[in-house]
Amino acid sequence: MSTAPPAASDPWTIRRLLDWTRGHFEKQDVDAPRLTAELLLGSILKLARVQLYMDLERPLSKDELASYKALIQRRLAGEPTQYLLGQKEFYGRPFAVDSRVLIPRSETELLVEAVLRALPKDQPARVLDLCTGSGCIAISIAAEREQASVWASDVSADALAVAKANAEALGVDSRVTFFQGDLFAPIPPGATFDVIVSNPPYIATGELAGLQREVQKEPKLALDGGADGLVLLGKIVEQATARLKPGGLLALELGDDQGAAVQTQLTRSAYLDVRIEKDLARLDRLAFGRAPTKG
Ligand code: GLN
């Protein structure tokens with residue numbers, strides 16, 4: 001094995017490209033340099049990461065090299081890797097994502113898990129997901145609970161286009177119904193639910209400009225929770241009481257500094273069994289309450 005540096009005329013093989021990109025990403029402070037290089041190169045060559053390593057000496061064609069370079073440029077300009085790949089895995093399923101939707105986060109999988117715990121497998125249930133974005137919450141619940149009928153709303157028509165495509169691709173489009181509009185506004189009057197779930201925008205407007213540049217490439221609408229970040233959470237807590245069946249569950253994701261405030265809101269709105277749960281980083285992340293059995 002030669003240890004000499006590659007000559008300029010040497011072909012760009014998988015090995016050489018991975019090494020070069022890792023080094024370059026490292027210098028430019030891109031997160032997870034090696035992994036990012038592997039994912040981007042894999043997406044151009046349509047190879048899984050492990051397959052790259054089985055074919056390290058494969059040279060790239062001119063076209064492949066040009067497509068790869070274009071992705072590298074976009075990543076260096078701050079575009080999130082998941083937008084470049086066009087995909088993010090969530091709760092074990094691949095979701096298509098692009099700049100129209102928030103990239104699903106692993107914390108949100110905890111929210112899905114909590115909802116699933118409340119939904120027995122062999123019973124029908126009606127579930128509503130507010131601010132559905134990519135549809136990751138609504139679609140995961142529908143996929144895991146075959147008897148569930150899931151409704152989902154989002155104010156962004158662009159986001160709903162992504163969510164609908166995801167529901168179809170993941171085979172649950174017959175059981176997920178999408179509505180465009182602000183929170184409960186598009187939901188037919190009188191419709192009530194066993195579970196209302198939401199990961200709404202919850203970042204304070206003033207904090208948006210200080211976010212990581214990758215996050216700033218995500219839709220502002222999906223992040224901006226108003227002056228104190230609590231505007232949408234507050235509306236959901238207030239309005240969900242009229243939309244939950246007696247004993248129905250409200251399950252919310254929130255910011256790590258919002259646990260106390262949301263707990264107070266839930267208690268004030270007379271929810272029962274109010275509790276705040278932490279994520280794997282031990283930060284407040286989820287809130288739950290049940291609708292009173294007699295309203
Ligand atoms: N429900 C989607 C998610 O959890 C979108 C959330 C949002 O846009 N705020 O990823």
Side-chain angles (χ1 to χ4, degrees), residues 80-83 85-116 127-144 150-167 170 172 176-184 186-187 193 195-205 207-208 211-212 214-226 228-237 240 250-256 258 262 277 279 285-288:
T81 304
Q82 295 82 0
Y83 286 166
L85 301 174
Q87 191 177 301
K88 165 76 186 172
E89 188 173 304
F90 181 84
Y91 216 81
R93 294 180 182 82
F95 283 80
V97 293
D98 59 36
S99 59
R100 292 173 290 177
V101 295
L102 190 85
I103 298 164
R105 304 296 204 269
S106 55
E107 290 88 334
T108 309
E109 295 178 322
L110 299 174
L111 184 63
V112 168
E113 220 161 65
V115 169
L116 292 176
V127 178
L128 174 63
D129 172 31
L130 301 168
C131 311
T132 196
S134 63
C136 61
I137 298 174
I139 291 167
S140 299
I141 293 171
E144 296 288 329
V150 184
W151 288 10
S153 75
D154 202 290
V155 74
S156 159
D158 273 351
L160 284 176
V162 176
K164 282 179 191 168
N166 276 323
L170 294 168
V172 296
V176 186
T177 311
F178 294 100
F179 298 85
Q180 195 211 333
D182 188 25
L183 303 178
F184 294 96
I187 306 301
F193 301 89
V195 174
I196 296 175
V197 58
S198 183
N199 172 25
Y202 54 70
I203 296 171
T205 310
E207 287 171 20
L208 293 173
L211 295 173
Q212 223 188 330
E214 282 75 10
V215 181
Q216 300 204 29
K217 301 271 183 187
E218 295 185 271
K220 222 181 218 101
L221 201 56
L223 298 166
D224 189 350
D228 59 359
L230 289 162
V231 171
L232 285 112
L233 282 163
K235 281 190 193 172
I236 294 170
V237 167
L250 178 62
L252 300 170
E253 181 171 325
L254 41 77
D256 54 26
Q258 295 170 335
V262 173
E277 278 185 17
D279 59 21
R285 187 60 64 199
L286 307 173
F288 303 94

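If you're wondering where the values come from, they're calculated on a predicted model, not measured in any experiment. No hydrogens, no waters, no symmetry mates; every other heavy atom, side chains included, goes into these values. As the structure lists them, so they are numbered: ligands from 1, and atoms in each ligand from 1.
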*Hey, are the side chains of Phe184 and Leu130 touching, using non-hydrogen atoms and a 4.5 Å cut-off?*
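Yes. Closest side-chain heavy atoms under 4.5 Å.
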Problem - Min side-chain heavy-atom separation Glu89-Pro94 under 4.5 Å - result: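 When only atoms from C-beta onward are counted, Pro94 and Glu89 do not touch, as no gap falls below 4.5 Å.
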For this session: Name the closest protein heavy atom to atom 1 (N) of ligand 1, giving the residue it belongs to and the distance to 0.1 Å.
Result: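 Atom 1 (N) of ligand 1 sits closest to the protein heavy atom Cys131 O, 3.0 Å.
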message = Return the closest protein heavy atom for atom 8 (O) of ligand 1 as residue, atom name and distance.
response =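 Protein heavy atom with the smallest distance to atom 8 (O) of ligand 1: Ala222 CB, 3.3 Å.
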Taken to the nearest 0.5 Å, the spacing of Ile139 CD1 from Arg93 CZ works out to 10.0 Å
Do ligand 1 and Ser134 have nitrogen or oxygen atoms that lie under 3.5 Å from each other?
no
Original post:
Counting both backbone and side chain atoms, is some N or O of Ile103 under 3.5 Å from an N or O of ligand 1?
Top reply: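 N/O-N/O distance below 3.5 Å does not exist for this pair.
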With backbone taken as N, CA, C and O and side chain as the heavy atoms from C-beta onward, which portion of Thr132 lies under 4.0 Å from ligand 1: side chain, backbone, both, or neither?
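For Thr132, only backbone atoms sit under 4.0 Å from ligand 1.
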At less than 4.0 angstrom from any non-hydrogen atom of [X], what atoms of ligand 1 do you find?
X	answer
Ile137	1 (N), 4 (O)
Thr108	4 (O)
Pro200	9 (N)

For atom 3 (C) of ligand 1, which of the options Ala163, Pro104, Gly225, Cys136 provides the nearest non-hydrogen atom?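 The nearest heavy atom belongs to Cys136.
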Looking only at non-hydrogen atoms, the one of Leu130, Leu111, Asn199, Ile139 nearest atom 7 (C) of ligand 1 is Asn199
Would Glu109 and Lys88 count as a salt bridge (Lys or Arg N to Asp or Glu O under 4.0 Å) if you check the C-alpha gap in whole Å, the side-chain angles of each, and the deciding distance to 0.1 Å?
CA-CA 13 Å; Glu109 295 178 322; Lys88 165 76 186 172; over 6 Å; no
Electrostatic pair Arg100-Asp158, nearest N-O below 4.0 angstrom:
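A salt bridge is absent here (no side-chain N lies under 4.0 Å from a carboxylate O).
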Legend entry - Under 3.5 Å side-chain donor-acceptor pair for Thr132 and Asp154: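 The answer is no; no qualifying pair exists.
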Residues Tyr202 and Glu253: side-chain donor-acceptor under 3.5 angstrom: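 There is such a pair (donor and acceptor under 3.5 Å, judged by atom type) between the side chains of Tyr202 and Glu253.
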